[in-house]
A.B. asks: 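Got a structure here, written out as structure tokens. Questions coming.
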Amino acid sequence: MKHKKVVILGSTGSIGRNVLKVAAGFPEHFTVVGMTAGRNIDLLRQQIETFSPRVVSVAEEDAALKLKTLLGPGRQTEIVWGQKGNEQVACLTEADMVVSAIVGAAGLLPTFAAIRSGKDIALANKETLVMAGRLIMDEVKKKQVRLLPIDSEHSAIAQALEAGRKEDVARIILTASGGPFLHLAEENLWQVTPEKALDHPNWDMGRKISVDSATLMNKGLEVIEAHWLFDIALEKIEVLVHPQSIVHSLVEFIDGSVVAQLGIPDMRVPISYALSYPERLDTGLSRLNLTECSNLSFLKPDTNRFPALQIAYEACKTGGCMPTVLNAANEIAVAAFLEGKLKFPEISKVVRETLAHTKYMDDTDIETILDVDRLARIESAEVVRLMTKHAVRAD
Ligand code: NDP
């Protein structure tokens, strides 16, 4: 395999840490030349000491100053900060591949910059494709770079699609674990705490995606991600709940053949696939024992208890900037839920109301996307404010 120089955007996160584990296991294949993080300076410092990247970016200037002090004189790594810093690292001349693993809308601009500077992308930050799927895919084609998914479902679909021609695909079936509240009665969803929502049955993930998994918004975002990534009509993308998270997704072809990818639920598998594509690495991870999988089940998602999935389908169908609004409103609502301001079922309500208050706009360019994102955050914060005010009065 050709040696790859890799940049990791979001190195201190759940995905970022797993990417570093994979890279550390194969020093003959990967060198980490750049990293970015938000505020976790202590972990970032350890990562710098282990991997000696050439440039590192953090979110704020004060974090950059603190990091420089912690590292002390003599350390070769250049420290930069802010949006400009993120983009500088995303475009490092020597990098072959950029892993996009920042959470949320903050991942959009550095990922876009990396594509524009001709880097192959290993994409975990699904929000990038939700916010600006058409623009991103246009740029991917223009620059002829590879966009390889890290999301386990999309990694599964990418692998299954290799079994046939795109025009012979009948449908894509994305699997969803169903999250921690799969069997919880609708009225009990009002008592769900952030702590319970963060306790995912199969995956150990960051806070935002854990809540998205619990509401099923994560699957909604993934439907939109799949639509853009694989250029597949929305009507051909279905979701099935598969609580065991063993079958990571499936592709049905027109002859009735269904091709699936299976594996243990460990993000290092899709990460190593994206990093090493088109080759594969012997990850040394435990293998799937099929005799222990006698109980694989698949069920239709309950969109009454978990309306977020349907809301995401509708936003994607309307098109234009509506998925950008969906994403922004969801980020605001999830943050409000984690702060204890919103009840769990209100997350979807905030997203639905924000979409209802927003006028359709075309996804003309990145500046428009950023404007719509900013306005949708203001609107959804207002929806949260009114909803919580109302709740206090009702109490
Ligand atoms: P985490 O919350 O664990 O990590 C997020 C990373 O982004 C951290 O490195 C964080 O830095 C950084 N970050 C956050 N805000 C900013 C900002 N404003 N500027 C720069 N950096 C920032 O998230 P995950 O790793 O779980 O998820 C990352 C992405 O991958 C998400 O889009 C998620 O949907 C996707 N994904 C995650 C999976 C998983 O298993 N975790 C599976 C599939 C997709 P710091 O911590 O230093 O503040």
Side-chain angles (χ1 to χ4, degrees), residues 7-22 34-48 56-64 66-67 80-90 99-111 113 121-131 148-156 174-177 179 198 200-215 217-222 224-226 229 245 248-249 264-271 273-274 327 330-331 334-335 338 373 377:
V7 160
I8 304 166
L9 308 174
S11 65
T12 49
S14 160
I15 291 289
R17 294 193 305 270
N18 275 312
V19 172
L20 286 173
K21 278 186 203 158
V22 173
M35 296 176 185
T36 77
R39 287 172 189 80
N40 191 347
I41 300 308
D42 291 330
L43 176 58
L44 185 59
R45 173 201 176 182
Q46 290 169 28
Q47 294 179 340
I48 293 171
V56 161
S57 176
V58 290
E60 313 280 349
E61 186 177 16
D62 59 345
K66 190 175 161 202
L67 184 61
V80 293
W81 60 276
Q83 193 59 45
K84 260 185 138 178
N86 273 347
E87 289 184 33
Q88 181 185 336
V89 176
V99 179
S100 170
I102 292 175
V103 61
L108 174 64
L109 285 181
T111 308
I121 307 290
L123 186 77
N125 179 262
K126 62 194 85 182
E127 294 90 343
T128 287
L129 280 180
V130 173
M131 292 175 75
L148 297 151
I150 281 185
D151 236 328
S152 57
E153 295 80 357
H154 302 72
S155 179
L174 280 169
T175 54
S177 70
L198 292 173
H200 195 278
N202 305 342
W203 301 97
D204 182 14
M205 308 181 288
R207 288 161 65 83
K208 192 244 173 196
I209 186 176
S210 296
V211 177
D212 286 349
S213 294
T215 59
M217 178 58 89
N218 183 49
K219 217 42 59 179
L221 301 179
E222 287 181 10
I224 303 173
E225 180 185 11
L229 193 58
S245 298
H248 295 302
S249 279
I264 57 162
D266 188 317
M267 285 311 294
R268 287 172 291 176
V269 179
I271 286 170
Y273 183 76
N327 181 68
N330 182 55
E331 286 191 26
V334 169
L338 287 171
D373 174 71
R377 281 165 200 273

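Only a predicted model underlies this, so the values are computations on that prediction, with no experimental measurement involved. Quick note: residue numbers are just sequence positions, from 1. In listed order, ligands and their atoms are each counted from 1.
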A.B. asks: Ion pair present between Glu127 and Lys208, side-chain N to carboxylate O less than 4.0 angstrom?
C.D. replies: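 Yes, Glu127 and Lys208 are salt-bridged.
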
A.B. asks: Can Thr175 and His248 be counted as having a side-chain donor-acceptor contact under 3.5 angstrom?
C.D. replies: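 The criterion, which ignores hydrogens and geometry beyond distance, is not satisfied for His248 and Thr175.
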
A.B. asks: Judged by modelled atom types alone, do Ser100 and Thr111 share a side-chain donor-acceptor pair under 3.5 Å?
C.D. replies: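 Their side chains do contain a donor-acceptor pair, which is all the 3.5 Å distance test asks for.
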
A.B. asks: Could you report the tightest heavy-atom contact between Asn40 and Thr12, atom names first, then the distance?
C.D. replies: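 Taking every non-hydrogen atom into account, O-CG2, 3.7 Å.
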
A.B. asks: Given a heavy-atom cut-off of 4.0 Å, could you list the residues near ligand 1 in chain and number order?
C.D. replies: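 Lining ligand 1 at under 4.0 Å, by heavy atoms, one finds Gly10, Ser11, Thr12, Gly13, Ser14, Ile15, Ala37, Gly38, Arg39, Asn40, Asn86, Ala101, Ile102, Val103, Ala106, Ala124, Asn125, Lys126, Glu127, Asp151, Met205, Gly206, Ile209, Met267.
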
A.B. asks: Quick one: list whatever passes side chain to side chain donor-acceptor pair (under 3.5 Å) with Ser213, sequence neighbours left out.
C.D. replies: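 By the side chain to side chain donor-acceptor pair (under 3.5 Å) rule, Ser213 matches no residue at all.
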
A.B. asks: Salt-bridge test for Lys219 and Glu222: reply yes if a basic N is under 4.0 Å from a carboxylate O, no otherwise.
C.D. replies: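 Answer for the salt bridge query: yes.
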
